[in-house]
There are 2 protein chains.
Amino acid sequence: MKQKIELSPQCKGQIRAIGDTMELLGGKWKIKIIGTLLLNGTMRFMELKRAVEGIAPKKLSKDLQELELNELITRTVKETKPITVEYELTPHGRTLENLINEAMNWGILHRNHILK
Amino acid sequence: MKQKIELSPQCKGQIRAIGDTMELLGGKWKIKIIGTLLLNGTMRFMELKRAVEGIAPKKLSKDLQELELNELITRTVKETKPITVEYELTPHGRTLENLINEAMNWGILHRNHILK
DNA sequence: AATAATGGTTTCCTTTAGGAAACTAGTTTC
DNA sequence: GAAACTAGTTTCCTAAAGGAAACCATTATT
């Protein structure tokens, strides 16, 4: 008879950690927004909208709110002539740098792979 | 007047690479499936179903098909007593190791962060 | 003969994600 | 006074993701 293969608790914890990460960064846009902020530093709403190609203002607004709730970015209203709003990664948000770089590198690697 | 901030083409390419990666690994389960295969090596369908907690057989089947189409895993039918099917990462699939490890590490880091 | 394990598929349903377009409101430039 | 830029919100809609439960065919065990 086949022995039951049960994953170790440690292993299950690791898989759960992957799930936690994907819950925060899943979806089409969030990780792109963070990547853009990593590459450009502080950005305003319209700058982000232009930089993250194809995103609708509603989606950008919603994702920014969720990222702020998760303490990955900050939102700062500047009392300038026309009011402006600045978005910036928090120190915690900046800890995503390695992950984002890996996602970039693998995307390029995969592109080369499918081009044979 | 504010100067127009236009991202460099190189920068846009990097953001697009992130999008490519997320297109393949997006969703709730794919990256967990790959992480499980990384930690355990070759696995059969029911083993995966037990290891990836909560996944429905339909979803597992569908995601495995998509991962196979993208050349990240192989599916091998073994002509054993009751027929068994083995899933395994391809060499290309194994190049996701760094990314998966980063996703694990960050998930743990984030858990510690929100627990203060 | 019944039960359980293999690897799935089928059906039905709900939820979520996401997109297009229009709109708001304040400020500033033409 | 009209147009444009700021940062969004609102409404309406479609498509995709995902879950629950039942089912199927084969083989092996009790």
Side-chain angles (χ1 to χ4, degrees), chain A residues 1-6 15 18-19 22-34 36-37 40 42-70 73-88, chain B residues 1-6 15 18-19 22-34 36-37 40 42-70 73-88:
Chain A
M1 202 217 229
K2 271 268 170 175
Q3 70 228 16
K4 270 211 175 112
I5 295 182
E6 174 81 14
I15 299 297
I18 295 177
M22 294 312 284
E23 211 170 310
L24 291 196
L25 301 183
K28 194 171 173 182
W29 300 108
K30 288 206 186 79
I31 198 171
K32 288 190 184 183
I33 294 169
I34 294 178
T36 303
L37 286 170
N40 294 276
T42 301
M43 294 181 84
R44 291 179 296 142
F45 186 85
M46 290 305 287
E47 287 179 335
L48 272 167
K49 208 209 139 198
R50 282 189 290 263
V52 183
E53 294 191 331
I55 195 168
K58 165 186 156 185
K59 195 77 216 323
L60 179 55
S61 172
K62 194 186 170 211
D63 279 1
L64 287 170
Q65 282 170 25
E66 293 177 12
L67 293 173
E68 195 190 357
L69 273 179
N70 286 308
I73 63 171
T74 55
R75 176 182 185 273
T76 312
V77 177
K78 295 281 178 177
E79 292 298 342
T80 46
K81 328 119 192 234
I83 198 171
T84 53
V85 180
E86 290 187 346
Y87 293 94
E88 195 176 5
Chain B
M1 202 219 231
K2 270 267 169 176
Q3 70 226 15
K4 271 211 175 111
I5 294 182
E6 173 81 18
I15 300 298
I18 294 176
M22 295 310 285
E23 211 170 310
L24 290 196
L25 301 184
K28 194 171 173 181
W29 301 107
K30 289 207 186 79
I31 199 172
K32 288 190 184 183
I33 294 169
I34 294 178
T36 303
L37 286 171
N40 294 276
T42 301
M43 295 181 84
R44 290 178 297 142
F45 186 85
M46 291 305 286
E47 285 177 337
L48 272 168
K49 208 209 140 197
R50 282 189 290 263
V52 183
E53 294 191 332
I55 195 168
K58 166 186 153 184
K59 195 75 218 318
L60 179 55
S61 171
K62 195 187 170 209
D63 279 1
L64 287 170
Q65 282 170 26
E66 291 176 12
L67 293 173
E68 196 190 357
L69 272 179
N70 287 308
I73 64 172
T74 55
R75 177 182 185 275
T76 313
V77 179
K78 296 279 180 180
E79 292 299 341
T80 47
K81 327 116 190 240
I83 198 170
T84 53
V85 180
E86 290 187 347
Y87 293 92
E88 194 177 6

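Per chain, numbering begins at 1; letters A, B, ... match sequence-line order. Quick note: numbers below take in every heavy atom, side chains included, and nothing from hydrogens, waters or symmetry partners. As the structure is a computational prediction, the values presented were derived from the model and not from experiment.
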Practice problem: Decide if atom CD of A:E66 counts as having more than 12 heavy atoms of other residues, nucleotides or ligands within a radius under 6.0 Å. | Solution: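 Check passes, neighbour count above 12.
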Exercise. For side-chain contact (heavy atoms from CB on, under 4.5 Å), just list the numbers for B:L37 and B:M43, CA-CA rounded to whole Å, side-chain angles, deciding distance to a tenth of an Å, and then say yes or no.
Key: CA-CA 7 Å; B:L37 286 171; B:M43 295 181 84; 4.0 Å; yes
Quiz item: Taking only side-chain nitrogens and oxygens of B:Q65, does any of them come within less than 4.0 Å of OP1 or OP2 of C:dT9?
Solution: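 Checking B:Q65 against C:dT9: at least one side-chain N or O falls below 4.0 Å of OP1 or OP2.
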Quiz item: Quick one: is B:S61 getting a side-chain N or O under 4.0 Å of the C:dG7 phosphate, OP1 or OP2?
Solution: no
In whole angstroms, how far is the [atom2] atom of [N] from the [atom1] atom of [X]?
X: B:I73; N: C:dG7; atom1: CD1; atom2: C1'; answer: 14 Å
X: A:I55; N: D:dA7; atom1: CD1; atom2: P; answer: 15 Å
X: A:K49; N: D:dG8; atom1: NZ; atom2: P; answer: 13 Å
X: B:W29; N: D:dG18; atom1: CH2; atom2: P; answer: 9 Å
X: B:E66; N: D:dA16; atom1: CD; atom2: P; answer: 12 Å
X: B:I83; N: D:dA28; atom1: CD1; atom2: P; answer: 12 Å
X: A:I33; N: D:dA7; atom1: CD1; atom2: P; answer: 15 Å
X: A:R44; N: D:dT6; atom1: CZ; atom2: P; answer: 6 Å

Can you tell which of [options] lies closest to the side chain of [X]?
X: A:K81; options: C:dT6, D:dG8, C:dT27; value: C:dT27
X: A:K62; options: C:dG7, C:dA17, D:dT6; value: C:dA17
X: B:R75; options: C:dG8, C:dG19, D:dG8; value: C:dG8
X: B:K28; options: C:dG19, D:dG18, D:dT9; value: D:dG18
X: B:K59; options: D:dG18, D:dT9, D:dT6; value: D:dG18
X: B:P57; options: C:dG8, D:dG18, D:dA7; value: C:dG8

How long is the span from the [atom1] atom in [X] to the [atom2] atom in [Y], to the nearest 0.5 Å?
X: A:F45; Y: A:R75; atom1: CZ; atom2: CZ; result: 9.5 Å
X: A:T74; Y: A:E88; atom1: OG1; atom2: CD; result: 5.0 Å
X: B:I33; Y: B:K28; atom1: CD1; atom2: NZ; result: 12.5 Å

Quiz item: Base, sugar-phosphate alone, or nothing: which one does A:E86 contact when heavy atoms must sit under 4.0 Å apart?
Solution: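 Contact class for A:E86: none.
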Quiz prompt | Base C:dG8 to side chain B:K58, donor-acceptor N/O within 3.5 Å cut-off | solution =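 For B:K58, whose side chain was compared with the base of C:dG8, there is no donor-acceptor pair (under 3.5 Å).
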Exercise. Tell me which of A:A56 and A:T80 sits closer to the 5' end of DNA chain C, going by the nucleotide each one is nearest to.
Key: A:A56
